[in-house]
Amino acid sequence: MADESAVTVYGNTAISDPNKKSKNGFSVKVGLAQMLRGGAIVQVTNVDEAKIAESAGACCVIVSEPSQSGSGISRMLDPAVIKEIQQSVAVPVMAKARVGHFVEAQILEAIGVDYIDENEVIAVADEDNFINKHNFRIPFICGCGDLGEGLRRVREGAAMIRTQGDLSGSGNIVDTVRNVREVMGKIRVLTNMDEDEVFTFAKELRAPYDILAQTKQMGRLPVVHFASGGIVTPADAALMMQLGCDGVFVGSEVFNSADPYKRVRGIVQAVRNYNDAHMLAKASSGLNDAIITSSSELNDAITGLNLDENNGGNY
């Protein structure tokens, strides 16, 4: 007998849950996530940053706690702050919940956020179990580092997959590129496989067979696929799009630049025109200010500007 929770392909782009009795239809949540395709999701920590992101063309904002120095535990943001940001912008608002913390997800659903990111970048609440996302009406986003992990999250009910790279906010994109290439490379291998080989491949990846078979049929992940980590320039965003992603997450470190609006706007334009080198050159122009990612870098930058007669004062 067919698995009632299996995901079924309709056409080449849409997927649906055949379990019509479900009040939290997976197809509806996937459709809501698909509305973000071809856009940039910008991480913000306050109302001012949210307004900048919205005016620069972000398709969604994801609210987060400010970066903490030291060993503080990152948790779900204060619901009052989330509500304030919701009231200040017209774009969808996404909020983070700790991995496995279904009560945080219940709270976020209750206050009416548009999407929930079960985010491994903040503290992990449950080391063994992820949230059963089929129990919620709101679409969930989950991270992955490889294809098997991504498909396991889809089985749990994730309506969007975020291939995660750098976790430190350093602006280093190498981990993101590696993980995206890993996911895309495995999909290319899968699409060229004989049907009989998919069973063994599913075991190797520790991925659900039915979701893997659908991935083979579609030639891509069966849900929207974004990249996250180290994306701070228009060129970074266009690189992710040309590697096959549907959009990008942009970290809050972009607000440490001299002109955050111009930088976010450039990234948005790059996502929309990722194959147009002339447009990318235009979007990248005038963004040569360094992004300061830590207080030590800020102090070093300030120190470097203190000129005296021994280090350049005569000029």
Side-chain angles (χ1 to χ4, degrees), residues 2-19 26-27 29-39 41 130 133-134 139-165 173-229 231 236-249 271-276:
D3 182 357
E4 289 188 348
S5 65
V7 180
T8 306
V9 177
Y10 292 92
N12 293 322
T13 58
I15 60 179
S16 180
D17 185 349
N19 184 4
F26 185 57
S27 61
K29 291 184 279 190
V30 170
L32 290 171
Q34 286 179 341
M35 293 173 61
L36 303 179
R37 290 182 66 177
I41 300 173
F130 281 74
K133 291 160 273 291
H134 293 291
F140 271 74
I141 292 82
C142 286
C144 77
D146 55 60
L147 180 60
E149 184 181 10
L151 296 183
R152 292 194 295 274
R153 302 291 85 81
V154 174
R155 160 57 68 226
E156 295 162 357
M160 177 193 290
I161 291 300
R162 163 181 44 79
T163 296
Q164 183 66 48
I173 202 174
V174 63
D175 291 333
T176 312
V177 172
R178 181 191 305 115
N179 292 341
V180 169
R181 284 195 178 276
E182 167 72 14
V183 171
M184 297 303 182
K186 285 291 193 296
I187 292 176
R188 286 192 293 271
V189 171
L190 173 65
T191 55
N192 292 316
M193 278 185 172
D194 185 89
E195 295 290 344
D196 296 337
E197 298 173 328
V198 178
F199 291 98
T200 300
F201 198 50
K203 292 180 181 178
E204 292 176 1
L205 297 178
R206 297 187 297 122
Y209 169 76
D210 58 329
I211 307 294
L212 187 67
Q214 183 180 6
T215 303
K216 173 178 170 58
Q217 183 177 351
M218 297 179 71
R220 54 156 293 141
L221 282 175
V223 297
V224 180
H225 178 207
F226 274 49
S228 175
I231 300 169
D236 292 340
L239 174 61
M240 294 296 101
M241 299 298 291
Q242 291 193 27
L243 287 176
C245 294
D246 297 316
V248 298
F249 280 78
V271 170
R272 295 174 179 173
N273 304 278
Y274 60 91
N275 278 324
D276 187 338

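Just the heavy atoms: all of them, side chains too, but no hydrogens, waters or symmetry mates, feed the values below.
- In this structure Y274 satisfies the side chain to side chain contact (heavy atoms under 4.5 Å, CB included) test together with A238, M241, Q242, sequence neighbours excluded.
- Nearest heavy atoms, P222 versus T215: CD-OG1, 3.3 Å.
- Residues A159 and A33 share a closest heavy-atom pair of O-CB, 3.3 Å.
- For the side chain to side chain contact (heavy atoms under 4.5 Å, CB included) test, residues two or more places apart in sequence or in another chain that qualify with S228 are R162, Q164, F249.
- K216 is linked by a salt bridge (charged side-chain N to carboxylate O under 4.0 Å, His left out) to nothing, counting only residues two or more places apart in sequence or in another chain.
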Under the side-chain contact (heavy atoms from CB on, under 4.5 Å) criterion, do M240 and V180 qualify, and how do the steps go? CA-CA 8 Å; M240 294 296 101; V180 169; 4.1 Å; yes
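- In this structure, the side chains of T163 and C245 stay at 4.5 Å or more apart for every pair of heavy atoms.
- The minimum heavy-atom distance between V183 and C144, with the atom names listed, is CG2-SG, 4.4 Å.
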I141 vs V224, side-chain contact (heavy atoms from CB on, under 4.5 Å): CA-CA, chis, key distance, verdict: CA-CA 9 Å; I141 292 82; V224 180; over 6 Å; no
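- The structure places CG of L239 at 8.5 Å from CD1 of I231, a figure rounded to the nearest 0.5 Å.
- Judged by distance alone, the side chain of K133 and the main-chain N or O of C142 form no donor-acceptor pair under 3.5 Å.
- Expressed to the nearest 0.5 Å, how far CZ of R153 lies from CG of L221 amounts to 13.0 Å.
- Judged as a side chain to side chain contact (heavy atoms under 4.5 Å, CB included), and not counting sequence neighbours, the contacts of A207 are L151, L205.
- Taking both residues in full, the closest heavy atoms of R220 and R37 are given as NH1-NH2, 3.6 Å, listed atom of the first, atom of the second, then distance.
- Using a cutoff of 4.0 Å between basic side-chain nitrogens and carboxylate oxygens, E156 and R152 are not scored as salt-bridged.
- Scanning both residues, V223 and F26, for their nearest heavy atoms gives CG1-CZ, 4.2 Å.
- The NZ atom of K186 lies 13.0 Å from the OG1 atom of T191; values are rounded to the nearest 0.5 Å.
- The distance from atom CZ of R155 to atom CZ of F130, rounded to the nearest 0.5 Å, is 15.5 Å.
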N/O donor-acceptor pairs under 3.5 Å from side chains in residues 192-201, not counting sequence neighbours:
{"residue": "N192", "atom": "ND2", "partner": "R188", "partner atom": "O", "Å": "3.1"}
{"residue": "D194", "atom": "OD2", "partner": "D196", "partner atom": "N", "Å": "2.9"}
{"residue": "E197", "atom": "OE1", "partner": "D194", "partner atom": "N", "Å": "3.0"}

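- Of all non-hydrogen atoms in T176 and A227, the two that sit nearest each other are CG2-CB, 4.1 Å.
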Candidate pair H225 and I161, rule side-chain contact (heavy atoms from CB on, under 4.5 Å), full reasoning: CA-CA 5 Å; H225 178 207; I161 291 300; 4.3 Å; yes
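- By the salt bridge (charged side-chain N to carboxylate O under 4.0 Å, His left out) test, D175 is found to be paired with R178, residues two or more places apart in sequence or in another chain being considered.
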